[in-house]
**Q** 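After the structure tokens below, expect a handful of questions from me.
Below, read A as the first sequence line, B as the second, and so on, with proteins coming before strands; counting in each chain starts at 1.
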Amino acid sequence: MSLRISNMLPVSTRGMWIGTFHGICNRLLRLHFKDANLPKSFQILDSNDQISIIKRVIKLNKIDIEKISPKQIQYHINSAKDNGLRSNQIDEVDEFTQHVNKVYRIYQSICDVEGLVDFGELILRTYELFKNNNALREHYQNRFKYLLVDEFQDTNQLQYNWLRLLVSKSNSIFAVGDDDQSIYGFRGARSDNLSDFKRDFNVSNTVKLEQNYRSQGHILEAANALIKNNVNRLGKDLWTSSGQGEQIKVLEAPSESEEANSIVREIKRLESHDHKLEDIAIFYRSNAQSRPLEQALFRAGIAYKVYGGLRFFERQEIKHALAYLRLILNPQDHSSFLRIINFPPRGIGSKSIEKINKISEIKKCSLFEALSFTDLSGKAAASIKAFSALFDKLRVDTEQKSLAFIIETVINDSGLVSHYENDKDGFDRIENLKELINAGAMFEIEEEQALSKDELDPISTESDSGQSNSLFSFLDHASLEAGETQAVDGAKALQLMTVHAAKGLEFQTVFLTGLEEGLFPHENSLADFSGLEEERRLMYVAVTRAKKNLNISFAQSRMIHGQTRWNISSRFLDEIPQKNISRKTDHQLSQSHINHSIKNQIIHGSKKSDHQFSAGKIVEHQKFGMGIILQCEGQGPEARVQINFENHGVKWLILNFAKLTLDASHDKNIN
DNA sequence: ATTAGTGGTGTTTTT
DNA sequence: CACCACTAAT
């Protein structure tokens, strides 16, 4: 974003604050940590860190909530914060809320003591800071003459209130948003903020942007037709002056691997017609779907780049390494301490950890300091001494050293590398650890360049004593911008990403994959109407990323959670007008596939089944209607079939009881 | 007392 | 399939 802006503007962008809400709040909190009542070295928690603290709270306080999962509690905490609510502001209306809120309260006190800040807290803290500190608020109201907010439909209630605090008579605000592209409802985004904005900020004139400069006719018509099915929207109709262009190609494949192969063939064809690889993108609904695509691309020797997914900084080996780094910097960091106290295994088990915990409570000191008081006998005592000594040594060895050197020293001396050397699938992990050294070196170079370029803002942090300041900002960077690091060098490669990650981007050619009921729209979103509408907006976002060529595909069968599932095509496909589509129903391919799988059953299956039903056949049930057979089991009176019904989902039925009729037309297809 | 191995469970999207 | 909690083996 920063780059795009500086390329478009005749003036320098130095001095502008450009970033996400989270990024800007982090910057503010770093500058005013004292006023925000935070330790100087506060660390940012990611989703997993948050979960492990919640688990800790549940265990330590023996809260009796067997039925409530840590994830549910996490959701409660995050959505409370997204709405600007502290635990004491929540009505404990029922037992559930009471339990969950208790965890929230204790969780927050742990974070406060240990100097930990989760994503919601970044914004909430800054909000409270502005609210309670008039001088500071006025300073920033004058500092930022113009506030510009992009993707306004993705703001949540707290971010909205945050903006209201920052806007005064001395500055002005400008917002751009598209309610049809609101796809972050699950994390508290309110597209209603768009209409509230008009009211609360006295907007005198609204500009509707309906001319689209990106996509050609067929693509745009499809997008318009799709989104019209949503009831809850402000309403707009996009138009283009760039001609009809090509129809959308729709491909039906027998399996996910066939789908991937067809896409690879098409990409090769495009390449030979002078399409650039970096102008092509493949989208999918969930990260897990990237695998078969990657396999096919790898085999075909096509360079590709996966965005997001298992983020580099979220891998366990990287998190272990970072925990060592954090603990060097901040011995108070209990989460990091617990992560590595016995990793790699060094003979300090749960019992020892419990003792350390007790001592830290009695002596009111950190877990780390408690190590020196813990008197245990024999092996454990020796292990604990060794662990303390390791850290004393690490602190001395890494003082005033380069980031790369610090990281290298830590991953070697901690025993992480040698641990993974003995692990049978530890090779990749060691590669990643080496990559972390590189990332550190790169980060330091970039930081120097940035520093020499802008010595801007009047308020600046006082320089740090002792430990390297760049280690500090590196750790910060690691938790907040986890995904970005790998994305930079996306040159000359095909781009793979989730539809969520694709928002705001555009490509000449887009392959949109996995258009199947249950996947897209995702089955977990179908429970309520608003969920389905959000999925449809997601589809709308995906379609409108394509400039010239859009390819949509789906597979008849797909491995999900280790089981083959037979899906029907997505309802979203049916919502696109036929005139905008050219169907490449690979019928021959699909028939041969089904024949093949039936033959396989006859040859490999120990005995031929004594009924006429088999996987892949279309059947009709008196009550459930049409469906496709997923698998068969058993013989005679015990024979059962699993069927995915068009309108009733997946069910197991006993053949003797279920009156099933084979769909004759489909039967003819097979033979 | 620790660890490795086993069996049961739940699976979207992200700052 | 991947992760966790629990159990058996060291």
**Q** Round to a whole Å and report the spacing from CD of A/Gln316 to P of C/dA2.
**A**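 So the two atoms are 13 Å apart, to the nearest Å.
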**Q** Taking the six-membered ring for Trp and the single ring otherwise, decide whether the centroids of A/Phe283 and A/Phe511 are under 6.0 Å apart.
**A**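 No.
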**Q** Rounded to the nearest angstrom, tell me the gap between atom CD in A/Glu523 and atom P in B/dT13.
**A**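 Result: 13 Å.
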**Q** What is the separation between atom CZ on A/Phe283 and atom C1' on B/dT12, rounded to the nearest whole Å?
**A**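 These atoms are roughly 17 Å apart.
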**Q** Can you tell me whether the side chain of A/Arg187 and the base of B/dT15 have a donor-acceptor pair closer than 3.5 Å?
**A**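 When only heavy-atom distances are counted, A/Arg187 does not reach the base of B/dT15 through any donor-acceptor pair under 3.5 Å.
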**Q** Could you give the CD1-to-P distance, from A/Ile54 to C/dC4, as a whole number of Å?
**A**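 So the two atoms are 14 Å apart, to the nearest Å.
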**Q** Under the side chain to side chain contact (heavy atoms under 4.5 Å, CB included) test, which residues partner A/Ala501, sequence neighbours left out?
**A**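 Partners of A/Ala501 under the side chain to side chain contact (heavy atoms under 4.5 Å, CB included) test: A/Met497, A/Thr498.
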**Q** Looking at B/dT15, B/dT13, C/dC4, which one has an atom nearest to any side-chain atom of A/Thr20?
**A**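 Nearest to the side-chain atoms of A/Thr20, counting from C-beta on, is B/dT15.
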**Q** Run through A/Lys81, A/Gln74, A/Gln108 and flag the one making a side-chain hydrogen bond (donor to acceptor under 3.5 Å, both in side chains) with A/Asp118.
**A**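 Only one option passes, and that is A/Lys81.
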**Q** Grab the OH-P distance between A/Tyr75 and B/dT13 for me, whole Å please.
**A**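 My rounded result for the distance is 16 Å.
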**Q** Output yes when at least one side-chain N/O atom of A/Thr498 is less than 4.0 Å from OP1 or OP2 of B/dT14, else no.
**A**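 Indeed, a polar side-chain atom of A/Thr498 lies that close.
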**Q** Rounded to whole Å, how long is the line connecting atom CD1 of A/Ile44 with atom P of B/dT14?
**A**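 Nearest whole value for this atom pair: 19 Å.
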**Q** Starting at atom CG of A/Leu532, determine the distance to atom C1' of B/dT13, rounded to an integer number of angstrom.
**A**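 These atoms are roughly 15 Å apart.
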**Q** Which residues pass the side-chain hydrogen bond (donor to acceptor under 3.5 Å, both in side chains) test with A/Ser418, not counting sequence neighbours?
**A**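 A/Ser418: no side-chain hydrogen bond (donor to acceptor under 3.5 Å, both in side chains) contacts found.
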**Q** Determine the contact category for A/Tyr184: base if any of its heavy atoms lies under 4.0 Å from a base atom, sugar-phosphate if only primed atoms, P, OP1 or OP2 are that close, otherwise nothing.
**A**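 It contacts sugar-phosphate atoms only.
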**Q** Hey, what are the protein-to-nucleotides 3-11 of chain B N/O distances that come in under 3.5 Å?
**A**
| residue | atom | partner | partner atom | Å |
| --- | --- | --- | --- | --- |
| B/dT3 | OP2 | A/Asn342 | ND2 | 2.9 |
| B/dT11 | O2 | A/His561 | ND1 | 3.3 |
| B/dT11 | N3 | A/His561 | ND1 | 3.4 |

**Q** Only counting residues at least two apart or in another chain, list the ones meeting ring pair (Phe, Tyr, Trp, His ring centres under 6.0 Å) with A/Phe529.
**A**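 For A/Phe529, no residue satisfies ring pair (Phe, Tyr, Trp, His ring centres under 6.0 Å) once neighbours in sequence are set aside.
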**Q** For a quick check of understanding: with a heavy-atom distance under 4.0 Å over all strands, which category does A/Ser525 fall into, base, sugar-phosphate or nothing?
**A**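 Result for A/Ser525 = base.
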**Q** Choosing from B/dT14, B/dT12, B/dT15, which nucleotide comes nearest the side chain of A/Phe186?
**A**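 Taking heavy atoms from C-beta onward, the closest nucleotide is B/dT14.
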**Q** For the pair made of CZ in A/Arg291 and P in C/dC1, what is the distance, rounded to whole Å?
**A**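 Result: 8 Å.
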**Q** How would you list, by chain and number, every residue that makes a ring pair (Phe, Tyr, Trp, His ring centres under 6.0 Å) with A/Tyr540, sequence neighbours excluded?
**A**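 None.
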**Q** Considering residues at least two apart in sequence or located in another chain, which fulfil the ring pair (Phe, Tyr, Trp, His ring centres under 6.0 Å) criterion with A/Phe21?
**A**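 A/Trp162.
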